[in-house]
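Here the structure comes first, spelled out in structure tokens, and everything after it is commentary.
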Amino acid sequence: MGKKPLKGSQGFSYVLKKRSSQTIISNEQAVFGESDSVLQPGEFRVNTIVFNQQKKDYPKLWSFPRYPVKGINLTDYDLELVVTTQSIKSNDRETVLPEGSIALIDENLKKLEKEITELKKEKISLDDLELT
């Protein structure tokens, strides 16, 4: 959510998993908008996730009187939905976000911070450099 309009397209990843086994049931990507489309503050994107479910695995989902099913608590059905922003294109510049978890990104940042700290400790002068 921002305070300024977002001009351009946005790409998202939707991964629906079975919580108990972490089995991926559905893995979809969607891109919203064109280079000239504008998403105003307070507006939102809506996507429908279609997945094939078997009655023996998800008997509660088969008891709903009509589809699409809206406003359900996925944990009641042993489901988990992971939505990730993949890219944002604005002002003819595309920002592609890395795949992976926050924990992986944090781990990489810690490694880089450690490397910077070690480099700052090194004392080197021009005399140490060998010119060829």
Side-chain angles (χ1 to χ4, degrees):
M1 306 242 351
K3 295 180 181 179
K4 296 182 182 180
L6 180 61
K7 182 180 177 183
S9 62
Q10 305 89 41
F12 299 95
S13 167
Y14 303 90
V15 179
L16 184 65
K17 299 178 183 180
K18 187 170 182 175
R19 288 182 63 137
S20 58
S21 64
Q22 290 297 299
T23 303
I24 295 176
I25 297 168
S26 175
N27 187 354
E28 300 177 17
Q29 285 76 39
V31 176
F32 295 96
E34 303 288 332
S35 60
D36 60 345
S37 60
V38 178
L39 183 65
Q40 295 294 336
E43 289 185 332
F44 52 88
R45 300 294 189 199
V46 176
N47 192 27
T48 301
I49 298 169
V50 179
F51 66 99
N52 296 326
Q53 72 278 11
Q54 295 186 19
K55 191 171 183 176
K56 65 178 182 179
D57 293 333
Y58 304 99
K60 287 183 180 180
L61 292 180
W62 284 76
S63 65
F64 283 107
R66 59 191 148 110
Y67 289 87
V69 178
K70 296 181 180 180
I72 63 171
N73 185 350
L74 294 177
T75 58
D76 292 344
Y77 304 94
D78 193 28
L79 298 173
E80 173 183 7
L81 178 63
V82 180
V83 180
T84 309
T85 304
Q86 291 183 318
S87 65
I88 298 174
K89 189 170 188 179
S90 181
N91 300 326
D92 296 326
R93 184 172 152 225
E94 185 172 24
T95 303
V96 178
L97 303 172
E99 288 187 30
S101 67
I102 298 296
L104 183 60
I105 293 170
D106 284 343
E107 183 181 320
N108 287 336
L109 284 173
K110 286 179 184 177
K111 286 180 185 177
L112 290 171
E113 287 172 352
K114 182 179 177 184
E115 187 177 330
I116 288 171
T117 303
E118 290 174 8
L119 287 172
K120 285 181 178 180
K121 290 178 183 176
E122 286 188 25
K123 302 293 181 199
I124 190 167
S125 69
L126 289 175
D127 294 332
D128 296 328
L129 299 175
E130 182 178 315
L131 299 175
T132 56

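On a predicted model such as this, the values are computed, not experimentally measured, just so you know.
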About how many Å separate OG1 of T84 and OH of Y14, when rounded to the nearest 0.5 Å?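 If I round to the nearest 0.5 Å, the distance is 10.0 Å.
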If you round to the nearest 0.5 Å, how far is OG1 of T23 from CG of L79?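 Nearest 0.5 Å value for the CG-OG1 distance: 11.0 Å.
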Testing K114, K120, K121 for side chain to side chain contact (heavy atoms under 4.5 Å, CB included) with T117, which one passes? K121
With sequence neighbours left out, write down each residue that passes salt bridge (charged side-chain N to carboxylate O under 4.0 Å, His left out) with K111, or none if nothing qualifies. E107
Can you sort out the partners of [X] under side-chain contact (heavy atoms from CB on, under 4.5 Å), two or more places apart, ordered by chain and number?
X: V31; result: S9
X: V38; result: P5, K7, Q40
X: E80; result: K17, R19, Q22, V82

Tell me whether V83 shares a hydrophobic cluster with L74, the cluster being built from Ile, Leu, Val, Met, Phe, Trp, Tyr side chains joined at under 4.5 Å. yes
Tell me every residue that passes side chain to side chain donor-acceptor pair (under 3.5 Å) with T75, counting only those two or more places apart in sequence or in another chain.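 Counting only residues at least two positions away or on another chain, T75 forms a side chain to side chain donor-acceptor pair (under 3.5 Å) with N73.
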Taking side chain to side chain donor-acceptor pair (under 3.5 Å) as the test, write out the residues that go with E115, two or more places apart. none
Looking at residues at least two apart in the chain, or sitting in another chain, which of them share a ring-ring contact (aromatic ring centres under 6.0 Å, His included) with F32?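 With sequence neighbours excluded, F32 shows a ring-ring contact (aromatic ring centres under 6.0 Å, His included) to F12, given in chain and number order.
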